[in-house]
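Working notes, beginning with the structure itself.
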Amino acid sequence: MKKLMYPFLLVLISAVLAACGADDESKSADKKEEAKTAETDQQDQQKQMEEMQKKMDKQKLDEEKTVAIVNDQEILGREYNSVLTSSQMMYQQMGQDPTTKDAADKIKEQTLDSLVGQTLLLQEADKKGYKASDEEVKKQLEETKGQFKDDKEFETAMKQAGLNPDSLEKEIANNIKYTKYINGEIKPGEVTDAEIQKFYDEYASQGGAKGQEPPKLEEVKPQIKQQLEQQKQQDMLVKHVEELKKSAKIDIKV
């Protein structure tokens, strides 16, 4: 089953923070390692990263290009590139090459599907009057910036994601509206004790197969319930978007 991407902002934060963490570990290792061989390896790794970035950049589209029209609302290349970048970063975190033909085709499809789905959901949010106040946007912006060690790192992350302060604030506002709409309109079904027990039994059997002692059910029951609720909400969201698509006018241009 297809799964909608989370709002772009959330993807950006998780991807960039992981990348920054990896950079910090790399810098720490560099300080400890003074051997010439290590320096050569670092140079080779840097060169490979630069080559990979060039390949990924080739997948981007012109910022002003119309990539899709959803109910008369244009989706431009800059929006496509932002989601594309986050998808590429996620592939890299999973140890996969986002520039192979198969991966590039999948990323393109996922990016377009995500953009169309989020556009439809935001259109519905607007119809139902969901809004993001200036105070809410400012608060989330400060929380986002707070996850970076300084302004320079934050600005670098924005640049890597193809964002500027104005477009980031727009993403934050959309994220707030999106979240309000989902929480207000997409109610997850009740999670039963039988479902929790089934999930726990599968989890426990996997741990047992690895020789690990699983925690008691009561210890993890709240987390299991939350995860199952989120999964049900996600499944309902996918179905909701598919229903919206049936009555929507969608024109993919790329």
Side-chain angles (χ1 to χ4, degrees), residues 1-16 19 52-94 96-127 157-164 166-168 170-179 181-182 185-186 231 233-254:
M1 178 181 289
K2 283 185 180 179
K3 295 226 174 162
L4 294 175
M5 292 178 73
Y6 287 105
F8 169 66
L9 177 65
L10 303 183
V11 179
L12 166 67
I13 294 305
S14 61
V16 171
M52 175 64 73
Q53 188 60 52
K54 289 179 182 179
K55 291 180 181 179
M56 292 193 298
D57 287 342
K58 288 182 179 180
Q59 296 178 13
K60 293 183 178 180
L61 302 177
D62 182 276
E63 289 192 351
E64 299 302 320
K65 181 180 179 62
T66 299
V67 299
I69 301 176
V70 181
N71 293 329
D72 297 327
Q73 180 177 338
E74 287 187 322
I75 298 175
L76 299 179
R78 66 172 64 94
E79 299 169 81
Y80 177 90
N81 292 340
S82 292
V83 179
L84 174 75
T85 298
S86 66
S87 298
Q88 291 171 331
M89 293 172 74
M90 291 178 70
Y91 262 68
Q92 287 182 301
Q93 286 178 43
M94 294 186 291
Q96 299 180 32
D97 183 353
T99 64
T100 65
K101 185 179 186 308
D102 184 53
D105 289 343
K106 288 181 179 178
I107 289 174
K108 178 180 179 180
E109 180 183 359
Q110 291 169 356
T111 299
L112 288 169
D113 190 60
S114 175
L115 285 166
V116 169
Q118 290 184 38
T119 299
L120 288 170
L121 290 168
L122 286 170
Q123 288 175 350
E124 288 298 301
D126 288 335
K127 288 179 184 178
M158 280 200 300
K159 184 177 180 181
Q160 289 176 343
L163 292 168
N164 58 47
D166 289 339
S167 59
L168 177 59
K170 181 180 178 181
E171 289 293 342
I172 289 174
N174 284 340
N175 183 61
I176 292 171
K177 284 196 297 183
Y178 178 100
T179 302
Y181 175 78
I182 299 306
E185 304 294 329
I186 311 296
Q231 183 59 57
Q233 188 177 49
Q234 179 69 37
D235 293 342
M236 292 175 64
L237 183 58
V238 171
K239 292 178 181 178
H240 182 55
V241 170
E242 291 304 315
E243 286 299 314
L244 292 175
K245 285 181 178 179
K246 291 179 181 178
S247 58
K249 184 179 179 182
I250 302 170
D251 185 10
I252 304 298
K253 298 289 188 180
V254 295

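In this chain, numbering begins with 1 at the start of the sequence shown.
- Exactly one residue among Thr85, Leu115, Thr66 makes a side chain to side chain contact (heavy atoms under 4.5 Å, CB included) with Tyr80. That residue is Leu115.
- Listed by chain and residue number, nothing satisfies the salt bridge (charged side-chain N to carboxylate O under 4.0 Å, His left out) test with Asp97 (two or more places apart in sequence, or in another chain).
- Put simply, the side chain of Gln92 never gets that close to the backbone of Pro98: no donor and acceptor are under 3.5 Å apart.
- Qualifying salt bridge (charged side-chain N to carboxylate O under 4.0 Å, His left out) partners for Lys249, counting only residues two or more places apart in sequence or in other chains: none.
- Partners of Tyr181 under the side chain to side chain donor-acceptor pair (under 3.5 Å) rule, at least two apart in sequence or in another chain, are His240.
- For the pair Glu242/Lys245, a side-chain contact is recorded, criterion being any heavy-atom separation below 4.5 Å from C-beta on.
- When every heavy atom of Val67 is checked against every heavy atom of Leu61, the shortest pair comes out as CG1-CD1, 3.3 Å.
- Shown here are the side chain to side chain donor-acceptor pair (under 3.5 Å) partners of Thr100, two or more places apart in sequence or in another chain: there are none.
- With sequence neighbours excluded, the residues forming a side chain to side chain contact (heavy atoms under 4.5 Å, CB included) with Gln59 are Leu84, Gln88, Thr99, Ala104, listed by chain and number.
- For the side chain to side chain donor-acceptor pair (under 3.5 Å) test, no residue two or more places apart in sequence or in another chain qualifies with Lys54.
- Residues meeting the side chain to side chain donor-acceptor pair (under 3.5 Å) test with Asp72, sequence neighbours left out: none.
- Remark: Lys106 does not engage Glu109 in a salt bridge, criterion side-chain N to carboxylate O under 4.0 Å.
- Shown here are the side chain to side chain contact (heavy atoms under 4.5 Å, CB included) partners of Lys170, two or more places apart in sequence or in another chain: Asn174.
- Taking the charged nitrogens against the carboxylate oxygens, Lys60 and Asp57 do have a contact shorter than 4.0 Å, which makes a salt bridge.
- The salt bridge (charged side-chain N to carboxylate O under 4.0 Å, His left out) test applied to Glu243 returns Lys246, not counting sequence neighbours.
- Under the rule for a salt bridge (charged side-chain N to carboxylate O under 4.0 Å, His left out), the partners of Lys127 that lie at least two apart in sequence or sit in another chain are Glu124.
- At a threshold of 4.5 Å between non-hydrogen side-chain atoms, the residues Val241 and Asp113 do not count as touching.
- Between the side chain of Ser114 and the backbone N or O of Gln110, no donor-acceptor pair lies under 3.5 Å.
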